[in-house]
Amino acid sequence: MNWKKTNTKIHYWGSAVIIIPLLIVLGSGLLLQVKKEFAWIQPKTVKTKYRALTLSFDKILSVIKTVEEAEIKSWKDVKLLDVRPGKGITKVRANNNWEIQIHNETAKVLTVNFRRSDIIESIHDGSWFHDAAKLWIFFPAAIILLLMSLTGFYLFLKMLPSKLKKKKKK
């Protein structure tokens, strides 16, 4: 078996197979790296001076029902409740990706923003396309990329001594 030929085939066909999932993961990963820098991706967290949480769940639900964009009728329409006592707010994420930030004492709605980071994360892991895409496309692409990285590193280490010798001769 010719190792160089086999390795070349692994890289040639492997790159053809993984290029689209890899570009999706890289592009979405770049956006996720800067998500806190751009409110368009992830809304900024408001801070208040109040540090205790005196709101009841009933009060939170009644307040978030008033936000039309969120389309919340009951707790079934809520994806996540994120209580931040250190910042004095509670974040509520609706199933439709709208985020409502509420003051922990007054229950006043501080901000209402569309949150794109969750969508970008689902694109990043492949689940946005289809539940099976995560396991049957993105996971195999990651394994192929790992193999290509390992074989490429092996070639680098194998060629390094000869390249260093050539450099010393100059």
Side-chain angles (χ1 to χ4, degrees), residues 14-153:
S15 62
V17 168
I18 70 164
I19 190 65
I20 291 175
L22 180 63
L23 290 174
I24 291 168
V25 169
L26 286 172
S28 58
L30 289 171
L31 289 174
L32 290 172
Q33 287 290 319
V34 295
K35 70 182 179 182
K36 293 197 178 194
E37 309 304 318
F38 298 101
W40 183 84
I41 299 171
Q42 179 173 304
K44 301 278 184 213
T45 301
V46 177
K47 295 178 185 174
T48 70
K49 293 181 181 183
Y50 189 74
R51 297 294 175 248
L53 177 64
T54 55
L55 298 178
S56 68
F57 286 116
D58 290 336
K59 181 67 177 170
I60 292 171
L61 183 59
S62 68
V63 169
I64 61 178
K65 281 180 173 181
T66 65
V67 178
E68 291 180 24
E69 299 93 336
E71 300 173 354
I72 295 173
K73 310 261 185 287
S74 72
W75 286 113
K76 289 180 182 176
D77 302 318
V78 175
K79 182 191 293 185
L80 180 76
L81 195 65
D82 183 4
V83 179
R84 303 276 178 106
K87 295 186 179 180
I89 62 142
T90 297
K91 292 182 182 183
V92 179
R93 279 192 235 158
N95 290 334
N96 63 2
N97 292 312
W98 279 89
E99 179 180 278
I100 307 159
Q101 295 184 27
I102 304 170
H103 192 284
N104 278 349
E105 180 184 26
T106 64
K108 178 184 173 198
V109 173
L110 300 171
T111 66
V112 177
N113 294 295
F114 190 74
R115 185 182 172 104
R116 291 167 181 85
S117 60
D118 295 344
I119 297 167
I120 296 168
E121 284 176 26
S122 66
I123 291 170
H124 185 71
D125 71 14
S127 60
W128 182 81
F129 302 98
H130 189 276
D131 288 338
K134 186 176 186 174
L135 186 60
W136 295 103
I137 296 173
F138 285 76
F139 183 68
I143 291 171
I144 293 169
L145 180 60
L146 176 64
L147 289 173
M148 290 173 58
S149 299
L150 293 173
T151 57
F153 186 61

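What you see is a predicted model, and the numbers here were worked out from it, not measured in a lab.
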Distance (rounded to the nearest 0.5 Å) between [X] [atom1] and [Y] [atom2]:
| X | Y | atom1 | atom2 | answer |
| --- | --- | --- | --- | --- |
| Ile18 | Ile144 | CD1 | CD1 | 6.5 Å |
| Asp82 | Lys91 | CG | NZ | 5.5 Å |
| Asp118 | Ile123 | CG | CD1 | 11.5 Å |
| Leu81 | Ile64 | CG | CD1 | 7.5 Å |
| Glu99 | Thr45 | CD | OG1 | 6.5 Å |
| Ile60 | Leu53 | CD1 | CG | 6.0 Å |

Quick one, [X] and [Y] - any side-chain contact, counting heavy atoms below 4.5 Å?
| X | Y | answer |
| --- | --- | --- |
| Ile137 | Phe129 | no |
| Ile120 | Ser28 | yes |
| Arg51 | Thr48 | yes |
| Lys79 | Arg115 | no |
| Asn96 | Ile72 | no |
| Phe138 | Asp125 | no |

May I ask you to check whether over 12 heavy atoms, not counting those of Lys108, lie within 6.0 Å of atom NZ?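 Counting other residues, nucleotides and ligands, NZ of Lys108 stays at 12 neighbours or fewer.
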Around Ile20, counting heavy atoms of other residues, nucleotides and ligands shown, do more than 12 lie under 6.0 Å from its CD1?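 Open.
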Could you work out, with salt bridge (charged side-chain N to carboxylate O under 4.0 Å, His left out) as the rule, every residue matching Glu71, not counting sequence neighbours?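 Salt bridge (charged side-chain N to carboxylate O under 4.0 Å, His left out) list for Glu71, sorted by chain: empty.
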Testing the basics here: between [X] and [Y], what is the closest heavy-atom pair and its distance to 0.1 Å?
| X | Y | answer |
| --- | --- | --- |
| Ser15 | Met148 | N-SD, 3.6 Å |
| Gly126 | Ala133 | O-CB, 3.5 Å |
| Trp136 | Pro140 | O-CG, 3.4 Å |
| Thr111 | Val46 | CG2-CG2, 3.4 Å |
| His124 | Gly29 | ND1-N, 3.4 Å |
| Ile102 | Val92 | CD1-CG2, 4.2 Å |

With no hydrogens and no angle check, is any side-chain donor or acceptor of [X] less than 3.5 Å from a backbone partner on [Y]?
| X | Y | value |
| --- | --- | --- |
| Asn95 | Lys76 | yes |
| Arg84 | Thr90 | no |
| Lys35 | Trp40 | no |

Write out all pairs satisfying side chain to side chain donor-acceptor pair (under 3.5 Å) with one or both partners inside residues 58-69, taking only residues at least two apart or from two chains.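 Of all non-adjacent pairs touching residues 58-69, none passes side chain to side chain donor-acceptor pair (under 3.5 Å).
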With under 30° as parallel and over 60° as perpendicular, where do the rings of Trp98 and Phe114 fit, or are they tilted in between?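 Perpendicular, since the angle between the ring planes exceeds 60°.
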